[in-house]
Structures are given as structure tokens and as C-alpha cells.
Amino acid sequence: MDLVGACRVFVHVGERGSFTLGAAAAGVRQPVASRRVAALEEHLGAPLFDRAARRAQLTVFGRDMLPTARRLVALADDLGEEAERALRRPVSLAVPDLCTTLDLAHLDAEARSHGLHLDLRPVARAERRSLINAHQVRLALETVPADEAAWVVPLGLAGTHPPHMRGVRLESLRVGREHIEAPGRRVWITPEDDVPHVRDRLARVRDAVGLRPGQVVLAPSVAGALTEVLTRDDLLLCSPRQAQELSLDWLPVRDAVLERGYVLAGTDDDAGARVRAHLTGALGRCLGARTEREDDA
């Protein structure tokens, strides 16, 4: 039995002295109202209305039960309103500061179409974990190795490449003996990719193909790395989406598979489940993650 629904009908009928008016006020048909009252009487163990009376007249027991039924209905209404407020409360989500304003706007718009309100916080990789630990955000996108990730973003080298190239090998950056004094072109790693599963793998390939240690460099910021790319013909390790945003040519690295991985982390399991259920695709597009079609290619 729907106890709250039955009490709601009981209160409306009892206050109006009419099953017809009470049913209309409760938003149900009169036969439904009669059945709900009968079920409530069976549940409580005594009649609530005098069936011999011409109108819906409360019994002594009914008059005793009416105040408590009112409180129950009011509490149920308060619970529903509180639930609506909780669902409308923005879900604070820390995302990579590499996400563009347009991508974040599309993500927010799709969230709203599913009744989710996001408070998006674009911040650097290290700060996302700090915000979670300090309970300053409910959820965050954290970097993990690709085999542990929900979203995988391919990485390659962006710069000014000759047309029709299908990829770039790090060994092509090796400084020849005839240019022994030249510094050599560098590959810049931005803070988002300063993690062992990217940085260390790239360093191993660097050493294997005979590049100088200084040819793979950690950049303090994307802007700083971009300056070097534009002025010294260096290369930026980044995703295709980033390269497009920065107006650079992007090519995959042929010497190694380099990827970013992301998972949704946080302490709010309910909000996390809702975000995963409705926004997995939108988050992938925002991150520039590889699509299923690309996986199958």
C-alpha cells in the first residue's frame, strides 16, 4: 500500500467532507480515492469514515488520525522538495584546464538536458587531486594509465610538419655528427602529461633512439611550450584536439604508443553514477578522447 498516497486522500476527503471533492483535490478519480481510504482503514485497523452518513463524516477514530496523517503528508511533501533542491544543487567537477571554453559549454548544456547542473572547475592536473582531498569539489577527472582509464586520449607531436606525413619518429630528431654543436629540436611535455606512464615512456624511447637528454623537456605551461614551438621549430606533445586549437599540425609518434587516460574520481558516489550514466560521451568529447570508431580502425 502507498501509505503517503492513502493518507493524502484521507486528509483531503476528511477536510472537505466529500469523496468527490477530496479525490479531485488529491488528483485521483473517486473510485481510486475510495480504494485508498479502504486500504488505509484496513492497515490502521478501524474505520475512518462513517459509512452510514450521507456525507464523508469522520469517525472518532478518523478525527484522532487526521492530525498525524496531515503531518505525514507534509513531511512527504517536504522530502520531495528537498530532493528536488538536492538534485538541482550543482555538481562541482574539476576538469583539465586544457578543455576549451566551447567544449565545456557543450558539456554543461548536455548535462542540463539530463537535469544535471555542473559547476565546472578547469584546473591543472595536480590541483584536481588536491581539490578532491580537500572536499572542495565532489568529482574530478584524474589521469591514469590507459589500461585503467574510462577515457583514452591519443598523444602525438604537434608543430609544423611537411605535408602528407603519416607519422613522426623520434629518431628523426637525432642530431647528426655534422651538426654536433646544434642544440637539436626538442619535444615539450606539458604539466598535464608530466606523469610516469607518459613521461617515462617517452624518455625510454628518447634514450633508445639516441636523442640527447635535453631533447625531451618538461614545460612549466602550455603557453611556454608553444612559444618554443613557434620560435625554435620544437614539437609539443599533445592531443589532436589541442593541436587543432593551437593551429599546429599533429602527427602520431611511430616509436611508441603515448596516451592520456582519465577516470572520474570523487567522494560523491551518487553524483558520479549520474555523471557516468548521462555524460560519458560528452566528457569524452570534451577531453578529445579516442572514439569507438577510431578504436576499430
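Remember, predicted model here, so these are calculated numbers, not experimental data.
The cluster map of Ile, Leu, Val, Met, Phe, Trp and Tyr, joined by side-chain heavy atoms under 4.5 Å apart, puts V275 and V123 in different clusters. Tracing side-chain contacts under 4.5 Å through hydrophobic residues (I, L, V, M, F, W, Y), one reaches L116 starting from L287; they form part of the same cluster. Hydrophobic clustering (side-chain heavy atoms under 4.5 Å, transitive across Ile, Leu, Val, Met, Phe, Trp, Tyr) keeps I189 apart from L226. Following chains of ILVMFWY side-chain contacts shorter than 4.5 Å, one can reach V28 starting from L72, so the two form part of one hydrophobic cluster. L44 is connected to L3 through a chain of hydrophobic side-chain contacts under 4.5 Å among Ile, Leu, Val, Met, Phe, Trp and Tyr, so both are in one cluster.
Salt-bridge check for D108 with R112: passed, with a basic side-chain N closer than 4.0 Å to an acidic carboxylate O. Taking a cutoff of 4.0 Å between a charged side-chain nitrogen and a carboxylate oxygen, E127 and R121 do not qualify as a salt bridge. Checked for salt-bridge contact, R51 and E41 meet the test: a charged N lies under 4.0 Å from a carboxylate O. Look at D193 and R260 and you find a salt bridge, because one of the NZ, NE, NH1 or NH2 atoms lies within 4.0 Å of a carboxylate O, short of that distance. Salt-bridge check for D77 with R8: passed, with a basic side-chain N closer than 4.0 Å to an acidic carboxylate O. With respect to E192 and R128, a salt bridge is recorded, a charged nitrogen being found less than 4.0 Å from a carboxylate O.
Residues T59 and F49 approach most closely at CG2-C, 3.4 Å, considering heavy atoms. The minimum heavy-atom distance linking G184 with R232 is given by the pair O-NH2, 4.2 Å. Pairing each heavy atom of S34 with each of F19, the nearest pair is OG-CD2, 3.9 Å. Residue G261 comes nearest to A149 through the heavy atom pair CA-CB, 3.5 Å, listed as atom of the first residue, atom of the second, then distance. What you find for Y262 and P96 is that their closest heavy atoms are CE2-CG, 3.7 Å. When every heavy atom of V257 is checked against every heavy atom of R201, the shortest pair comes out as O-NH1, 2.8 Å.
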Starting from the C-alpha separation in whole Å, work towards a yes-or-no answer on side-chain contact (heavy atoms from CB on, under 4.5 Å) for F10 and R36.
CA-CA 8 Å; F10 166 49; R36 288 187 179 179; over 6 Å; no
Show your reasoning for whether side-chain contact (heavy atoms from CB on, under 4.5 Å) applies to L202 and V187.
CA-CA 10 Å; L202 188 58; V187 174; 4.0 Å; yes
Derivation of the salt bridge (charged side-chain N to carboxylate O under 4.0 Å, His left out) call for E171 and R254:
CA-CA 10 Å; E171 64 182 358; R254 294 303 185 188; over 6 Å; no
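Legend: residues meeting ring pair (Phe, Tyr, Trp, His ring centres under 6.0 Å) with H106, ordered by chain and number and at least two apart, are absent. Applying the side-chain contact (heavy atoms from CB on, under 4.5 Å) criterion to V229, with sequence neighbours excluded, gives D234, L236, L248. In this view, D194 and R125, R199, L218 satisfy the side-chain contact (heavy atoms from CB on, under 4.5 Å) rule, not counting sequence neighbours. Contacts of R63 classified as side chain to side chain donor-acceptor pair (under 3.5 Å), with partners at least two apart in sequence or in another chain: none. In this view, R129 and I132, N133, E142, A265 satisfy the side-chain contact (heavy atoms from CB on, under 4.5 Å) rule, not counting sequence neighbours.
Separating the SG atom in C7 from the CG atom in L66 is a distance of 10.0 Å, to the nearest 0.5 Å. Taken from CG in L58 to CG in D50, the straight-line distance is 10.0 Å, to the nearest 0.5 Å. Distance check, rounded to the nearest 0.5 Å: CG of L93 to CG of L141 gives 5.5 Å. Rounded to the nearest 0.5 Å, atoms CG (L235) and CZ (R186) are 11.0 Å apart. Atom CH2 of W151 sits about 12.0 Å away from atom CZ of R285, to the nearest 0.5 Å. The line from CG of D268 to CZ of R138 is 4.0 Å long, rounded to the nearest 0.5 Å.
In this structure, Q215 contributes its side chain and R212 its backbone to a donor-acceptor pair below 3.5 Å. In terms of modelled atom types and a separation under 3.5 Å, the side chain of R29 and the main chain of A23 share no donor-acceptor contact. With hydrogens and angles ignored, the 3.5 Å screen pairs no side-chain donor or acceptor of E15 with any backbone N or O of H12. Panel note: side chain H197, backbone V144; a donor-acceptor pair is recorded below 3.5 Å. The backbone N or O of V91 sits nowhere less than 3.5 Å from a side-chain atom of D119 that would complete a donor-acceptor pair. Between the side chain of W250 and the backbone N or O of Q242, no donor-acceptor pair lies under 3.5 Å. In this structure, the side chain of T227 engages the main chain of A223 through a donor-acceptor pair within 3.5 Å.
No side-chain heavy atom of M165 sits under 4.5 Å from any side-chain heavy atom of D249. Side-chain contact between V175 and L211 is absent, with no heavy-atom pair separated by less than 4.5 Å. Residues C238 and T190 form no side-chain contact, since every pair of their non-hydrogen atoms from C-beta on lies 4.5 Å or further apart. L237 is not listed as a side-chain neighbour of W188, based on a closest heavy-atom distance of 4.5 Å or more. L251 places none of its side-chain heavy atoms less than 4.5 Å from the side chain of L157. At a threshold of 4.5 Å between non-hydrogen side-chain atoms, the residues P122 and C99 do not count as touching. Taking 4.5 Å as the limit, every side-chain heavy atom of L118 sits out of range of all side-chain heavy atoms of L104. Within the 4.5 Å cutoff, side-chain heavy atoms of L48 are placed close to those of L40.
When hydrophobic side chains of Ile, Leu, Val, Met, Phe, Trp and Tyr are connected at separations under 4.5 Å, L102 ends up as a singleton with no cluster partners.
Ring pair H114/H278 is parallel by interplanar angle, where below 30° counts as parallel and above 60° as perpendicular.
The closest side-chain donor-acceptor pair between E245 and T100, if any, does not fall under 3.5 angstrom. At a cut-off of 3.5 Å, with distance as the only test, a side-chain donor of R71 or T68 sits close to an acceptor on the other residue.
The environment of CD in E148 is crowded: more than 12 heavy-atom neighbours from other residues, nucleotides or ligands sit within 6.0 Å.
Considering L246, D103, V153, L98 in turn, D103 is the only one that fulfils the side-chain contact (heavy atoms from CB on, under 4.5 Å) rule with R241.
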